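First up is the structure itself, then whatever we jot down about it.
What you are looking at is a predicted structure, and each value in this text was computed from that prediction instead of being measured.
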Amino acid sequence: MIDPILLTTPRVSTFNGEQHLTNASGFFFRREDRLFLVTSRHVMIDKESDHLPTRIEIELHNNPQNLAESIGLSIPLYRDGTSLWRQGTDTAGEIDVAVIELERDALPEDQLYRVFGPEHLVDPHDQVEVGSSILVIGFPLGFHDTLHHMPVARHAVVASSFGFRFEGMGYFLTDGRTHRGISGAPVVMRAPDLEGMEGDLPWKLLGVHSARLDVGTRDMQLDEALGLNCAWYADILLTLTEA
């Protein structure tokens, strides 16, 4: 039996034409009858590092009876020079989250996957305590179950006051080991109240993992890295997936 949470998160590869650039993570989000892929904005474009892909590929299971079978779905990022993904901004600037709508007709008929939806977002009245146990589901350094095409889960905890914008930014902090390739991964917390729901995903979607956080004053030889990460609040998805 495969834990359904692992089926929410496909591996994302970025390309400039046929040239492979980077690996990342992403996850599926449903808004009514529309399906989106969510990842970090810097996976789609990062001018500072001259990362300018023209398309991405995601790996999909196309045979529920044999998880060793998979196909790659190529998704163009531009049409007639206009970007096809959506990204958000707020009073502090750009938000490192992007969504791109998937054409359901282009997906394999027997695709095996799970999706998050608005019901998985944290209610403003819910309390998420500092130190709460969370998981980050993704592909650190591209590492994954290459036979069954599955991501791995990294354990972390909530490291700042959830619901508050850390230093005025639209993210909270997590404390856990992460690596390149896990950008765009869902940050989730077990939610027993969602047990038995359609789709079998008893998890709350707290955020979208973005990047490790460090301090510029750290002595690179004497001081260890903080081990803290930025996770953008997942409620931005309600704005980015509006019709």
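Summarising the geometry, atom CG belonging to Leu237 is positioned 11.5 Å from atom CZ belonging to Arg86; distances are rounded to the nearest 0.5 Å. Between the CH2 atom in Trp203 and the OG1 atom in Thr8 there is a gap of 10.0 Å [rounded to 0.5 Å].
Residue pairs meeting the salt bridge (charged side-chain N to carboxylate O under 4.0 Å, His left out) criterion with at least one partner in residues 136-162, sequence neighbours excluded, do not occur; the list is empty. Residue pairs satisfying the salt bridge (charged side-chain N to carboxylate O under 4.0 Å, His left out) criterion with at least one member in residues 169-183, sequence neighbours excluded, are absent. Applying the salt bridge (charged side-chain N to carboxylate O under 4.0 Å, His left out) test to residues at least two apart or on different chains, the pairs with a partner in residues 47-58 are Glu18-Arg55, Arg55-Glu57. Evaluation of the salt bridge (charged side-chain N to carboxylate O under 4.0 Å, His left out) test over residues 59-74, restricted to residues two or more places apart or in two chains, returns Arg11-Glu59.
Among residues two or more places apart in sequence or in another chain, the salt bridge (charged side-chain N to carboxylate O under 4.0 Å, His left out) test is passed with Glu242 by none. Under the ring pair (Phe, Tyr, Trp, His ring centres under 6.0 Å) criterion, Phe15 pairs with His20, sequence neighbours left out. Not counting sequence neighbours, Phe166 has no partner by the ring pair (Phe, Tyr, Trp, His ring centres under 6.0 Å) test. Here Phe36 pairs with nothing under the ring pair (Phe, Tyr, Trp, His ring centres under 6.0 Å) rule; sequence neighbours left out. In this structure, the side-chain hydrogen bond (donor to acceptor under 3.5 Å, both in side chains) partners of Thr241, at least two apart in sequence or on a different chain, are Arg31. With sequence neighbours excluded, no residue forms a side-chain hydrogen bond (donor to acceptor under 3.5 Å, both in side chains) with His179. For Asn62, the side-chain hydrogen bond (donor to acceptor under 3.5 Å, both in side chains) criterion is met by no residue, not counting sequence neighbours. Residues passing the side-chain hydrogen bond (donor to acceptor under 3.5 Å, both in side chains) test with Glu101 are Arg34, sequence neighbours excluded.
Listed here is the closest heavy atom pair of Ser183 and Thr39: O-OG1, 3.9 Å. Summarising the geometry of Thr14 relative to Pro53, their closest heavy-atom pair is CB-CB, 3.9 Å, with the distance given to 0.1 Å. Residues Leu84 and Pro76 approach most closely at CD1-O, 3.5 Å, considering heavy atoms.
At a threshold of 4.0 Å, the pair Arg41-Asp46 does not count as salt-bridged, since none of the basic side-chain nitrogens sits closer than that to a carboxylate oxygen. Taking 4.0 Å as the cut-off between side-chain N and carboxylate O, Lys204 and Glu119 do not count as a salt-bridged pair.
For Phe162 and Phe172, the gap between ring centers is short of 6.0 Å.
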